[in-house]
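Sequence lines set the chain letters: A, B, ... in the order given, protein chains first and strands last, and positions in each chain run from 1.
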Amino acid sequence: MPHELPKAYEPGAIETRWAEYWVKEKLFSVKTPPEGETRPVFTLLLPPPNVTGRLHMGHMLNQTQMDIIVRWHRMRGFITLWLPGTDHAGIATQMMVEKQLEREGKKRRELGREKFVERVWEWKKLYGNAILDQMKRLGASVDWDREYFTMDENLSRAVREVFVRLYEEGLIYRGNYIVNWCPWHETAISDLEVKHEDVQGKLWEIRYPVVGSDEFITVATTRPETMLGDTAIAVNAKDERYTHLHGKKVLLPLMNREIPIITDELAQPEFGTGAVKVTPAHDPNDFQAGLRHHLPQINVMDEHAHMNQNAGPYAGLDRFEARKRVLADLREQGYLVAEKDYALSIGKCDRCGTIVEPRLSEQWFIKIKPLAERAKEAVESGEITIVPDNYRQIYLNWMNNIYDWCISRQLWWGHRIPAWKCDGCKEFIVAREAPTQCPKCGGAKLEQSSDVLDTWFSSGLLPFTTLGWPEKTRDQAVFYPTTLLITAYEILFFWVARMIMFGCHFMEGHEQDPAIKKASGWQDKKNDSVPFRQVYIHSLVRDAAGEKMSKVKGNVINPLDIIERFGTDATRFTLAAMAAPGTDIAFSESRTGGYRAFANKIWNAARFMFMNVDRIEPGLRPATTEGGSPHKGVARFQSATLEDRWILSRFNRAVSDVNEALATYRFHEAANRIYDFFWGEFCDWYLELIKPRLNFEEGADQSGARAACANLVNLFDASLRLLHPVMPFITEEIWQAIYEGKVPYKSIALAEYPQASEEQFDLGAETEMAILQDLIVSVRNLRAELKVEPKVKVPIEVFAHEPEIRKMIDHNRGAVERLASVEKITFVDSSLANRTGARGTARFDVHLLYEQKIDVAAECDRLKKELEKIERGIGSGQRQLGNEQFLSKAPATVVENLRKQQQELAVMLTKTQSKLKELGCQ
RNA sequence: GGGCGGUUAGCUCAGCUGGUUAGAGCGCCUGCCUUACAAGCAGGAGGUCGCAGGUUCGAGUCCUGCACUGCCCA
């Protein structure tokens, strides 16, 4: 049955078909390897998307890079596990469902906790898989059998276990501290969830009367409403302006409360008046000062950031309304001294944009320094490497300036904190399972904390909890530490840093199966507690204008739209080709269009191949090695001609470069290298050169045609395998078509990745081919200049200085005739350099036997430009060669190359000069 | 305020440890439907590598300063 490939390349149909096939056939499911396994292992944890997530360009870049690396490893024989899952995303998901309720006119609190959580589960069941379904469309080769959700029972149990252990080790504590409070969400959030924004605001100066004198102390604030909770005024002990006021009191305006004047570092003499108000319940620095001086903490706001009863007459007002009223009253009573413009930075909730209120509340914290120490050490010692390298320092800086992590959230959706409060003694009991009796007072009335854990708490544990922790499993011995993590810079601290902290802590003493560790190339690593050996931080995808994409700006590019228009393969290729490490990607549709053209090129090259196979040798399959398996390079390639030797050598160079590039995460290099090879060498030259050999007419060299056809198939097969990690769909489609259903594996994804073979490099063939290409291009140039009709074949004269080159050109004269529309080649014995309209390189001269006059002026222009270039080259070369320091210091190969180049330039100089003279150019 | 990037052709970007005459895609110009491909083929124009110094035999590449610009942290 002949190969059937539709004339037009239409990615849509092909891609959905294979995406479904890969999932249905469970091609990427990994069984736990038994004891004694000796193959290398590669493990990658998918950064779990939020269940509320929709695929965006960042995901697509991330997943494309992961899939490339994963497929590459799998094809190279690694046991390759790519582990997918989703994150319950506490705040984000709760918001979704709250909004849904809002549309029904209901409120979360009316529903009650239990009912609400049920609703969230329902929501999750309906919509939570959307993003994973989108991933399937991308071709992500993950193990769907191992898919997890962060609130699965086993993972939740592990979370409780971790919490209890950390508590028992004294690394989790509970206390009243100032936290970032989001009044909209009514919960505490971590420092990382606060985004700072520079705004033009006001600074108000307020004077407080000193008790028992007619003096005032003036302080400045950007949040005047907090003065209602002031419990002191601070001045610096060294500040002589205030020495006489030490130990005195001021009367807090509006509240008529006497508060002390204290001396504290908080007040800096050079800043403002040198005196500051102290509000321990509403500012983190004031809070610390308050502790130092045992000041009362007066909280003047409730969880909605409305003023509470401590705010006296202002109770019930929203914080901003209260600010207005406070200012008006201060002004009226003569306490407001000044109002100034002031540039300040305000913190907003990352999720909803509400201005965050520093608020005193009871929360759970992780004592971070002990965990950070080891996490720092793991990176400093090189046990974990971070690529690109500059992120390493960013990571270490952050670890050095880390604060305790507030892990409790006043939400309902998430892992509920395993702590129960005794109604009798008010103590908290932390336990793995719900206790029935208080161990302190014996009370039986216990209530679990209503708080849940920060989402990042559970995701930080994933590298080991997804492998069965706290049990010691074979999966852990094989797959932990995971090999690589590919992620965005944005979550370096949120997630990456925490995984390292938790991994180093909870997996301490863990050892990977030594045979597998060695086979995988990690025998030099000492620490197997780390969650991954390497971290690759990918770039940010921006819009075509280089702007960060945001919903507000409306410049978000939906990857599914792009896929729809250009195909997944082309989109993947674009992201790979533009992903130079360390630089952001301005996503360009025009480039995606270019890579769809590349896919189309491959498609048509395949049609060309099939056309010939069907004509010459129906049923032809790619050759295998002795053992029957496809070759790691090009199998049974028979070099009969120059172009055969050349393409085999070029293929091996491409293979070597691509493998090298992927090993160092240089995706753009890998992609571009394949592109250049396939289009610029394989299609543009090789296919054109072998066309005559594929002649299968009566009387033609039929065995030669068969050999050429076999070479074509074998080379094409190897090229598809080389390209497969980047463009999985089109390569699968064509590869399957080559085998006409009788595939050696279920998928090209399971075939061998090409490896370069030293003996297939052929420098001689590459040099000869380069000369031949130069000759053909020269003739094409001349034809264009002389405006020769495309259909007219023109005889040429060629002069070659060296007999071997003349022989080589003669041998390949058919190629020149076909590719440059030459009628006949005549070799001459003397240089053609002086001939009008001749071209040449240092190796040959060529001249067209064509009547039409050349445009002398244009030719002069061209020659002059060329002469300039040559002279520049000679000038700089001579300067260097005349420099003894250069000769003595530069490496021999550099000098040698320069000499060779200078000789060629000298030849070209003479030729060009005499031609200029001949033409009489001015 | 602290830290990290970027500035190369009209546009978007490569150029890894300093070493030929700085590359690609898109766009532009010219000519071609040459039976794999017009989503193509052949040819062409276009850059004093942000500015100023320095190191070096040699700098787009390393160092210093400046300008503009982006991001992160506080």
**Message:** For A/Y391 together with A/Y489, are the ring centres under 6.0 Å from each other?
**Reply:** yes
**Asked** Does the pair A/E589/A/R565 count as a salt bridge with the N-to-O cut at 4.0 Å?
**Response** yes
**Prompt:** Taking the same atom, P, in B/C41 and in B/C33, what whole-Å distance lies between them?
**Reply:** 16 Å
**Message:** Using OP1 and OP2 only, check whether a side-chain N or O of A/R666 sits under 4.0 Å from B/U17.
**Reply:** no
**Item:** Separation of the P atoms in B/G65 and B/C13, to the nearest angstrom
**Value:** 27 Å
**Message:** Tell me every residue that passes side-chain contact (heavy atoms from CB on, under 4.5 Å) with A/Q534, counting only those two or more places apart in sequence or in another chain.
**Reply:** A/T385, A/L484, A/W522, A/Y665
**Item:** Nearest-angstrom distance from the residue atom CZ of A/F493 to C1' of B/C73
**Value:** 8 Å
**Asked** For A/F716, which of A/F682, A/F610, A/F608 qualifies under ring pair (Phe, Tyr, Trp, His ring centres under 6.0 Å)?
**Response** A/F682
**Asked** What interatomic distance, in whole Å, is found between P of B/G25 and the corresponding atom of B/G40?
**Response** 11 Å
**Asked** B/A14 P sits how many Å from A/E669 CD, rounded?
**Response** 12 Å
**Request:** Inspect the contact between A/R223 and A/E357 and indicate whether a charged nitrogen and a carboxylate oxygen are less than 4.0 angstrom apart.
**Result:** yes
**Asked** A/F598 pairs by ring pair (Phe, Tyr, Trp, His ring centres under 6.0 Å) with which of A/W603, A/F573, A/F566, A/Y9?
**Response** A/F573
**Message:** With a 6.0 Å cut-off (strictly less than), is the heavy-atom count around CD of A/E789, excluding the residue itself, greater than 12?
**Reply:** no
**Complete:** Quick tally for nucleotides 22-38 of chain B: nucleotides whose base has a protein heavy atom under 4.0 Å get B, sugar-phosphate-only ones S, the rest -, giving ---SS----S-S--BB-
**Item:** Spacing of the P atoms in B/A9 and B/A24 (rounded, Å)
**Value:** 14 Å
**Prompt:** If you pin A/A8 and A/K195 to their nearest nucleotides in RNA chain B, which one's is more 5'?
**Reply:** A/A8
**Cation over ring face, A/R498 and A/W405, 6.0 Å, 45°** = yes
**Asked** How far, in whole Å, is B/U21 from B/G27 if one measures between their P atoms?
**Response** 32 Å
**Request:** Give each stem of RNA chain B as a range with a range, requiring at least 3 consecutive Watson-Crick or G-U wobble pairs whose two distances are under 3.5 Å.
**Result:** B:1-7 with B:67-73, B:10-13 with B:23-26, B:28-32 with B:40-44, B:50-54 with B:62-66
**Request:** Write down the distance between CD1 (A/I776) and P (B/G43), rounded to a whole number of angstrom.
**Result:** 10 Å
**Asked** Atom CG of A/N397 to atom P of B/G1: distance rounded to whole Å?
**Response** 19 Å
**Prompt:** How close or far is atom P of B/G44 from atom CZ of A/R780, stated in whole angstroms?
**Reply:** 10 Å
**Donor-acceptor under 3.5 Å (A/E15 side chain, A/T568 main chain)** = yes
**Message:** Give me the distance, rounded to whole Å, that separates B/A22 from B/G15 when you measure between the C1' atoms they each carry.
**Reply:** 8 Å
**Asked** How close or far is atom C1' of B/C41 from atom CH2 of A/W685, stated in whole angstroms?
**Response** 12 Å
**Prompt:** Relative to the 5' end of RNA chain B, which residue comes earlier, A/H668 or A/A784, by the nucleotide with the nearest heavy atom?
**Reply:** A/H668
**Request:** May I ask you to say whether A/R653 pairs ionically with A/E766, meaning some side-chain N is under 4.0 Å from a carboxylate O?
**Result:** yes
**Asked** For atom C1', what is the distance between B/C32 and B/A14, given to the nearest Å?
**Response** 31 Å
**Prompt:** Rounded to whole angstrom units, what separation is found between the CD1 atom of A/I394 and the C1' atom of B/G5?
**Reply:** 9 Å
**Asked** How far, in whole Å, is B/A67 from B/C51 if one measures between their P atoms?
**Response** 16 Å
**Request:** Find the distance A/L396:CG to B/G3:C1' and express it as a whole number of Å.
**Result:** 13 Å
